[in-house]
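Report on one structure; see the data block that follows.
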Number of protein chains: 2
Amino acid sequence: MLTERQLLILQVIIDDFITTAQPVGSRSISKKDAVTFSSATVRNEMADLEEMGFIEKTHSSSGRIPSEKGYRFYVDHLLSPLRLSDSEVTIIRDAFTDKMMEFEQVVQKSAGILSDLTNYTSIILGPEVFETKLKQLQIVPLNDQSAIAILVTNTGHVEHRAFNVPVEVSTSDLEKMVNILNARLRGVPLIQLHEKLYEEIGGLLKAHTDQYEKAFAYLRAALVEEQPTKLYIGGKTNILMQPEFRDLDKVRSLYATIEKESEMADLLRSDDEGIRVRIGQENPFDAMQNCSLITASYRLGNDQIGTIALLGPTRMEYNRMFSLMNVLSKHMTSTFRGWY
Amino acid sequence: MLTERQLLILQVIIDDFITTAQPVGSRSISKKDAVTFSSATVRNEMADLEEMGFIEKTHSSSGRIPSEKGYRFYVDHLLSPLRLSDSEVTIIRDAFTDKMMEFEQVVQKSAGILSDLTNYTSIILGPEVFETKLKQLQIVPLNDQSAIAILVTNTGHVEHRAFNVPVEVSTSDLEKMVNILNARLRGVPLIQLHEKLYEEIGGLLKAHTDQYEKAFAYLRAALVEEQPTKLYIGGKTNILMQPEFRDLDKVRSLYATIEKESEMADLLRSDDEGIRVRIGQENPFDAMQNCSLITASYRLGNDQIGTIALLGPTRMEYNRMFSLMNVLSKHMTSTFRGWY
DNA sequence: ATTTAGCACTCAAGTAAATCGAGTGCTAAC
DNA sequence: GTTAGCACTCGATTTACTTGAGTGCTAAAT
């Protein structure tokens with residue numbers, strides 16, 4: 001186990017490295033107020049810490065930098081919760097006192113705040129739609145040939161899609177059909193919409209002329225569309241600010257990874273609540289070897305959970321990030337709770 | 001005026017530099033099949049071309065690179081229209097045979113194609129909304145406290161916004177009001193919506209109870225919202241691929257410039273049709289000194305014009321870009337023509 | 001038994017000089 | 001007018017040297 005003194009030294013090394021991005025030497029440690037012993041002593045302790053795998057050297061005579069194990073230990077045991085600065089608190093609070101009523105807007109804004117306040121890249125995963133139910137279906141004819149189908153869910157989400165109206169189908173035909181569909185489909189989870197549509201179509205077709213068939217085919221095409229869980233990325237170019245990404249090749253491969261929406265979504269999708277950190281190798285993607293990913297969940301309604309995440313170098317300001325993510329996820333959750 | 005031989009040499013220099021990004025020397029020029037004379041002759045001609053300002057040296061004993069004047073001349077007089085490769089044609093055609101009915105979708109896809117096919121950054125300016133008229137207003141109550149206002153325009157554009165419903169206002173009150181508003185506002189240009197709302201509200205308020213006032217205040221807040229012309233950016237990180245942007249500071253300032261939406265929009269907004277190129281200094285922004293911006297217009301309906309643009313280094317594959325932009329803007333225009 | 005001062009050693013980073021080579025301009029011959 | 005030839009230029013690359021922050025180890029001090 002680590003002695004008090006070793007803990008102190010490890011803490012100093014990591015704190016220092018997080019702010020300067022430079023290896024930390026024994027002398028600079030011993031000069032810290034909290035450190036009362038000499039640099040030689042520090043060197044001895046550092047040798048032990050290195051042997052235990054918490055820190056490492058970049059070359060044989062360099063200062064020390066935290067290893068991934070070091071960061072892990074730091075995050076698990078050494079993290080002193082940081083009070084956010086007044087300006088940070090203000091920015092967040094102001095953003096959320098604006099009356100926001102749309103899910104997308106809240107998410108976008110949150111992603112923006114997160115990346116602006118951190119200089120890292122924020123990634124927000126929209127909540128799963130399993131539980132989202134159809135609230136209303138609407139058709140707005142634009143002209144003879146086209147109309148717009150609008151679908152509103154109980155979560156206030158609006159999907160819309162224009163489609164062609166075959167000439168044989170009159171506006172009133174469409175209207176009737178929509179009324180019927182509305183009556184039968186209201187409250188149906190979106191995820192079942194497709195099959196329900198098939199079930200319902202039988203009855204409809206029997207009861208009505210074949211105009212319906214045609215119109216329905218179009219309408220169905222308009223409505224039933226894969227709707228992948230959406231990923232919102234903020235401050236993508238912040239990565240360029242980080243000294244560890246001076247190398248453009250790294251940046252490129254990282255971008256390539258982030259942009260694989262479905263894989264990123266899988267990575268972020270989390271079952272557990274609370275904040276989770278993945279440090280370096282703990283991330284599944286090669287391009288993220290030098291990155292840490294902090295994820296936190298927010299709730300929309302009762303059982304829909306989305307995730308907000310921050311991607312930065314392993315040398316991340318973990319304590320500030322924790323506070324930020326905490327505050328933000330709470331704000332998001334409570335904003336959403338106000339709605340449903 | 002330039003001799004045939006000078007034209008040939010200029011052409012070779014620019015073509016070469018565009019593909020290699022390296023200064024072009026006399027020997028490599030004289031080795032080209034089309035060039036029958038010696039490197040010494042080429043050197044003499046190059047000296048003349050340099051004196052005329054079409055090419056320049058990076059240092060006293062380097063090969064030549066095109067000057068901005070050189071690019072300008074190249075674009076104006078030397079450009080050989082390039083046939084797009086089969087795969088390019090296929091990609092574009094396939095993208096547009098997908099039945100797309102939504103403006104946003106088309107624009108997004110176009111921006112994506114453009115940046116994918118070019119490794120430059122694509123910027124698309126949505127058309128002005130001056131002429132867009134209100135088609136229909138819709139209110140979908142979600143629950144006791146909130147509802148969604150949906151606004152559909154004659155161009156098929158859908159705006160929606162959730163808003164709080166004051167407890168005193170019943171769903172049927174809202175419904176009535178929407179009916180009235182629909183009756184009075186249909187066909188009103190969006191840009192006049194705000195004042196029309198004020199005009200109409202007088203009559204409404206007189207005719208009805210004060211519940212309307214409250215509901216109306218909310219509804220108005222929900223509907224009348226600045227709707228800046230939208231800018232779609234694709235392949236923002238492609239810039240990193242270009243050797244001229246090895247320097248991160250340049251990249252950062254370029255990003256900063258691109259992200260100033262309103263200024264970029266002003267820059268792109270063009271009165272004339274056709275393709276236009278701004279080379280280097282011809283661009284108004286400092287950060288774009290080493291960039292060229294190619295813009296082309298597309299039409300949505302009769303008099304709504306939007307712009308697609310490509311931003312890359314001055315060393316751009318102009319001929320391929322011209323072909324691409326041409327094809328794409330035609331595809332976009334004709335797709336939209338199908339709708340209205 | 002710790003702690004610390006002292007010292008030899010290491011190695012990345014910075015600097016200066018040396019070399020290389022692609023390219024030029026000019027001159028003189030073709 | 002064209003071209004071969006040659007001296008010259010200058011960025012890029014290589015090599016050698018210096019610097020300095022930092023280490024590990026030993027021996028003395030506490």
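All chains are named by letter (A, B, ...) in the order of the sequence lines, taking the proteins before the strands, and each is independently numbered beginning at 1.
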Checking Phe73(A) now: which residues fulfil ring pair (Phe, Tyr, Trp, His ring centres under 6.0 Å) with it, not counting sequence neighbours?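 Only Phe54(A), His77(A) meet the ring pair (Phe, Tyr, Trp, His ring centres under 6.0 Å) criterion with Phe73(A).
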Indicate yes or no: at least one non-hydrogen side-chain atom of Ile18(B) is less than 4.5 angstrom from one of Tyr74(B).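 Yes, at least one pair of side-chain atoms sits under 4.5 Å.
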Starting from the 5' end of DNA chain C, give me the residue, Gly25(B) or Arg5(A), whose nearest nucleotide shows up first.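 Nearest nucleotide further toward 5': that of Arg5(A).
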Arg27(A) atom CZ: more than 12 heavy-atom contacts under 6.0 Å: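 Atom CZ in Arg27(A) is not packed in, count stays at 12 or less.
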Taking only Lys NZ, Arg NE, NH1 and NH2, and the carboxylate oxygens of Asp or Glu, determine whether Lys236(B) and Glu259(B) approach each other closer than 4.0 Å.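 Result for this pair is yes, salt bridge flagged.
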Leu240(A) backbone acceptor or donor facing Arg252(B) side chain under 3.5 Å: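 The answer is yes, because a donor-acceptor pair under 3.5 Å joins these two groups.
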Give me the first and last nucleotide of DNA chain C, going 5' to 3', that has any atom under 4.0 Å from a heavy atom of chain A.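 Here the contact window of chain A covers dT3(C) to dA12(C).
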Atom CZ of Arg27(B) to atom P of dT3(D): distance rounded to whole Å?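 Whole-Å distance recorded here is 15 Å.
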So which heavy atom on Thr307(A) is nearest to which on Leu268(A), and how close?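 So the minimum-distance heavy-atom pair works out to OG1-O, 3.2 Å.
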Where do Gly280(A) and Thr314(A) come nearest, in terms of heavy atoms and distance?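 The pair with the smallest heavy-atom distance is N-CG2, 3.7 Å.
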Check whether the side chains of Thr90(A) and Ser87(A) place a donor and an acceptor atom closer than 3.5 Å, and report yes or no.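 Not at all, the side chains of Thr90(A) and Ser87(A) share no donor-acceptor pair under 3.5 Å.
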For DNA chain C, find the residues of residues 40-69 of chain A with a heavy-atom distance under 4.0 Å and give them by number; none if there aren't any.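 Contacting residues: Ala40(A), Thr41(A), Arg43(A), Asn44(A), His59(A), Ser60(A), Ser61(A).
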